Amino acid sequence: MPYPTDKNGNKLKLLAQFNLYEISEVCKGDVGLLPKEGILQFFLLSGSNYSYGSDFENYTNDDHFRVIYHPTINPNITVEDVQNLHIPIASVSTNDYEPISGEIALDFSVRKTASPHYGNFKDEFIEKAALYGWKIENFTDFFDGKVEISQMS
(Lines give C-alpha, C1' and ligand atoms only; values in the text may rest on other atoms or scores of the structure.)
Protein backbone atom coordinates (compact mmCIF):
# COMPACT_ATOMS: atom_id res chain seq x y z
CA MET A 1 0.00 0.00 0.00
CA PRO A 2 1.41 3.45 -0.81
CA TYR A 3 2.44 5.56 2.17
CA PRO A 4 -0.32 8.11 3.00
CA THR A 5 0.25 11.68 1.80
CA ASP A 6 -1.75 14.88 1.54
CA LYS A 7 -2.89 16.23 -1.85
CA ASN A 8 0.51 17.93 -2.30
CA GLY A 9 2.47 14.73 -1.75
CA ASN A 10 3.62 15.55 1.80
CA LYS A 11 3.96 12.38 3.84
CA LEU A 12 1.79 12.13 6.92
CA LYS A 13 3.36 11.35 10.29
CA LEU A 14 2.51 8.06 11.97
CA LEU A 15 0.73 9.10 15.15
CA ALA A 16 -0.20 5.69 16.55
CA GLN A 17 -0.13 2.05 15.53
CA PHE A 18 -1.92 -0.80 17.28
CA ASN A 19 -1.36 -4.51 16.78
CA LEU A 20 -4.94 -5.73 17.12
CA TYR A 21 -3.88 -9.31 17.81
CA GLU A 22 -2.03 -8.15 20.95
CA ILE A 23 -5.08 -6.20 22.12
CA SER A 24 -7.33 -9.18 21.37
CA GLU A 25 -5.08 -11.47 23.42
CA VAL A 26 -5.28 -9.16 26.45
CA CYS A 27 -9.05 -8.81 26.06
CA LYS A 28 -9.51 -12.57 25.68
CA GLY A 29 -10.79 -12.04 22.12
CA ASP A 30 -13.58 -9.65 23.15
CA VAL A 31 -12.54 -6.47 21.33
CA GLY A 32 -16.00 -5.26 20.37
CA LEU A 33 -16.14 -3.91 16.84
CA LEU A 34 -12.38 -4.10 16.28
CA PRO A 35 -10.96 -6.91 14.18
CA LYS A 36 -9.04 -9.50 16.20
CA GLU A 37 -5.89 -9.25 14.09
CA GLY A 38 -4.03 -6.88 11.80
CA ILE A 39 -2.68 -3.40 12.40
CA LEU A 40 -4.62 -0.18 12.83
CA GLN A 41 -2.62 2.98 12.03
CA PHE A 42 -3.40 6.66 12.62
CA PHE A 43 -1.59 9.30 10.55
CA LEU A 44 -1.52 13.08 10.82
CA LEU A 45 -0.02 15.87 8.72
CA SER A 46 2.61 17.47 10.87
CA GLY A 47 2.50 21.23 11.37
CA SER A 48 0.85 24.00 13.29
CA ASN A 49 -1.96 24.85 10.87
CA TYR A 50 -3.79 21.56 10.68
CA SER A 51 -5.84 21.19 13.90
CA TYR A 52 -4.74 17.55 14.24
CA GLY A 53 -6.00 16.84 10.74
CA SER A 54 -9.48 18.31 11.16
CA ASP A 55 -11.15 20.34 8.44
CA PHE A 56 -13.93 22.23 10.18
CA GLU A 57 -15.41 23.33 6.85
CA ASN A 58 -15.55 19.79 5.43
CA TYR A 59 -15.54 16.99 8.00
CA THR A 60 -15.13 14.30 5.33
CA ASN A 61 -11.85 15.78 4.06
CA ASP A 62 -9.11 13.36 5.11
CA ASP A 63 -6.30 15.22 3.34
CA HIS A 64 -4.46 15.92 6.61
CA PHE A 65 -5.13 12.62 8.39
CA ARG A 66 -5.73 8.92 7.70
CA VAL A 67 -6.85 5.88 9.64
CA ILE A 68 -5.65 2.74 7.87
CA TYR A 69 -6.36 -0.88 8.69
CA HIS A 70 -4.02 -3.60 7.44
CA PRO A 71 -5.72 -6.99 7.82
CA THR A 72 -2.40 -8.83 7.71
CA ILE A 73 1.10 -8.05 8.96
CA ASN A 74 4.03 -8.67 6.64
CA PRO A 75 6.77 -10.18 8.86
CA ASN A 76 9.38 -9.61 6.13
CA ILE A 77 9.38 -5.80 6.43
CA THR A 78 12.57 -4.64 8.13
CA VAL A 79 13.53 -1.46 9.95
CA GLU A 80 15.62 -0.56 6.89
CA ASP A 81 12.58 -0.93 4.62
CA VAL A 82 10.69 1.58 6.75
CA GLN A 83 13.66 3.97 6.97
CA ASN A 84 13.98 3.93 3.18
CA LEU A 85 10.48 5.42 2.92
CA HIS A 86 11.90 8.72 4.32
CA ILE A 87 8.81 9.33 6.38
CA PRO A 88 8.50 11.90 9.17
CA ILE A 89 9.59 10.32 12.44
CA ALA A 90 8.68 11.00 16.03
CA SER A 91 11.17 13.27 17.72
CA VAL A 92 11.29 15.27 20.89
CA SER A 93 9.79 18.57 19.87
CA THR A 94 8.85 21.86 21.44
CA ASN A 95 6.07 22.23 18.88
CA ASP A 96 2.95 22.66 21.02
CA TYR A 97 0.79 21.77 18.01
CA GLU A 98 2.00 18.16 17.91
CA PRO A 99 -0.20 15.81 19.96
CA ILE A 100 2.73 13.50 20.82
CA SER A 101 6.39 14.33 21.24
CA GLY A 102 8.80 11.43 20.84
CA GLU A 103 8.08 7.71 20.77
CA ILE A 104 5.70 6.33 23.35
CA ALA A 105 4.87 2.68 23.97
CA LEU A 106 1.43 1.59 25.11
CA ASP A 107 0.81 -1.41 27.32
CA PHE A 108 -2.52 -3.13 26.86
CA SER A 109 -3.22 -5.16 29.93
CA VAL A 110 -6.20 -5.75 32.15
CA ARG A 111 -5.47 -4.14 35.49
CA LYS A 112 -8.92 -4.30 37.07
CA THR A 113 -12.23 -5.78 36.06
CA ALA A 114 -15.67 -4.81 37.24
CA SER A 115 -18.57 -7.10 37.90
CA PRO A 116 -21.94 -5.55 37.03
CA HIS A 117 -23.60 -8.16 39.25
CA TYR A 118 -22.17 -6.39 42.29
CA GLY A 119 -24.22 -4.16 44.56
CA ASN A 120 -26.99 -2.04 43.13
CA PHE A 121 -25.62 -1.81 39.59
CA LYS A 122 -28.97 -2.75 38.05
CA ASP A 123 -30.90 0.04 39.78
CA GLU A 124 -28.24 2.66 39.06
CA PHE A 125 -28.03 1.59 35.41
CA ILE A 126 -31.80 1.88 34.92
CA GLU A 127 -31.83 5.26 36.69
CA LYS A 128 -28.99 6.69 34.56
CA ALA A 129 -30.51 5.32 31.36
CA ALA A 130 -33.78 7.10 32.17
CA LEU A 131 -31.89 10.41 32.39
CA TYR A 132 -31.02 9.96 28.71
CA GLY A 133 -34.56 9.02 27.72
CA TRP A 134 -34.15 5.24 27.62
CA LYS A 135 -36.40 2.64 29.20
CA ILE A 136 -34.81 -0.67 30.21
CA GLU A 137 -36.95 -3.80 30.38
CA ASN A 138 -36.14 -7.44 31.10
CA PHE A 139 -32.92 -6.44 32.79
CA THR A 140 -32.59 -9.82 34.47
CA ASP A 141 -31.68 -11.20 31.04
CA PHE A 142 -29.23 -8.35 30.35
CA PHE A 143 -26.11 -10.48 30.54
CA ASP A 144 -27.56 -13.03 28.14
CA GLY A 145 -27.90 -10.28 25.52
CA LYS A 146 -31.68 -10.12 25.89
CA VAL A 147 -32.15 -6.69 27.43
CA GLU A 148 -34.86 -4.60 25.82
CA ILE A 149 -34.08 -0.91 25.41
CA SER A 150 -36.52 1.60 23.96
CA GLN A 151 -36.56 5.36 23.79
CA MET A 152 -39.19 6.96 25.97
CA SER A 153 -41.48 9.49 24.34
Side-chain angles (χ1 to χ4, degrees), residues 1-118 121 124-125 128-129 131-134 136 139 141-151:
M1 169 180 287
Y3 193 85
T5 63
D6 70 359
K7 65 183 175 191
N8 298 320
N10 298 310
K11 292 182 179 178
L12 304 182
K13 182 188 274 185
L14 179 64
L15 181 64
Q17 174 174 287
F18 302 103
N19 182 325
L20 299 175
Y21 177 77
E22 292 175 0
I23 296 171
S24 178
E25 283 292 298
V26 169
C27 296
K28 308 281 189 260
D30 184 16
V31 290
L33 297 177
L34 288 174
K36 293 182 180 180
E37 55 186 46
I39 287 190
L40 187 60
Q41 296 177 316
F42 297 83
F43 294 88
L44 178 65
L45 185 62
S46 187
S48 62
N49 299 324
Y50 302 116
S51 301
Y52 302 130
S54 298
D55 180 345
F56 299 111
E57 302 296 321
N58 179 2
Y59 291 106
T60 62
N61 179 8
D62 67 350
D63 190 45
H64 296 148
F65 75 93
R66 292 292 184 313
V67 177
I68 298 176
Y69 168 63
H70 300 275
T72 58
I73 300 170
N74 183 346
N76 298 320
I77 294 178
T78 65
V79 172
E80 291 78 23
D81 292 334
V82 174
Q83 290 172 340
N84 288 335
L85 292 173
H86 304 289
I87 57 176
I89 60 170
S91 61
V92 176
S93 169
T94 58
N95 183 349
D96 291 337
Y97 296 103
E98 296 289 333
I100 296 176
S101 177
E103 292 183 13
I104 299 171
L106 300 175
D107 174 23
F108 291 98
S109 60
V110 176
R111 301 216 191 287
K112 184 176 181 181
T113 59
S115 173
H117 298 287
Y118 179 75
F121 172 81
E124 288 184 25
F125 183 83
K128 295 292 183 189
L131 291 175
Y132 294 99
W134 296 96
I136 309 296
F139 193 90
D141 296 330
F142 182 76
F143 298 101
D144 294 328
K146 299 177 184 172
V147 68
E148 295 177 20
I149 302 174
S150 57
Q151 191 165 13

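Because the structure is a prediction, the values reported are computed rather than measured.
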Under the side chain to side chain contact (heavy atoms under 4.5 Å, CB included) test, which residues partner [X], sequence neighbours left out?
{"X": "Leu34", "answer": "Leu20, Val31, Leu40"}
{"X": "Asn74", "answer": "Asn76, Ile77"}
{"X": "Glu22", "answer": "Asn19"}

One pair to check against side-chain contact (heavy atoms from CB on, under 4.5 Å): Leu12 and Leu45. What are the steps and the verdict? CA-CA 5 Å; Leu12 304 182; Leu45 185 62; 3.6 Å; yes
Please collect all salt bridge (charged side-chain N to carboxylate O under 4.0 Å, His left out) contacts where either partner lies in residues 64-85, sequence neighbours excluded, each pair once.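 Qualifying pairs: Asp62-Arg66.
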Within the 4.5 Å heavy-atom criterion, are Phe65 and Phe42 side-chain neighbours or not?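 Of all side-chain heavy-atom pairs linking Phe42 with Phe65, none is under 4.5 Å.
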Take a 6.0 Å sphere around OH of Tyr69 and say whether it holds more than 12 heavy atoms from other residues, nucleotides or ligands.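 Atom OH in Tyr69 is packed in, count exceeds 12.
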Between Asp6 (side chain) and Asn8 (backbone), is there a donor-acceptor pair under 3.5 Å?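 Here the side-chain-to-backbone pair exists.
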Quick one: side chain to side chain donor-acceptor pair (under 3.5 Å) partners of [X], sequence neighbours excluded?
{"X": "Asp63", "answer": "none"}
{"X": "Asn84", "answer": "none"}
{"X": "Gln41", "answer": "Gln17, His70"}

Glu25 side, atom CD; Lys36 side, atom NZ - distance, nearest 0.5 Å: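 Spacing of CD (Glu25) from NZ (Lys36) equals 10.5 Å.
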Heavy-atom closest pair (Pro4 atom, Ile68 atom, distance to 0.1 Å) is CG-CD1, 3.9 Å
Excluding sequence neighbours, so at least two apart, what forms ring pair (Phe, Tyr, Trp, His ring centres under 6.0 Å) with Tyr3? Phe43
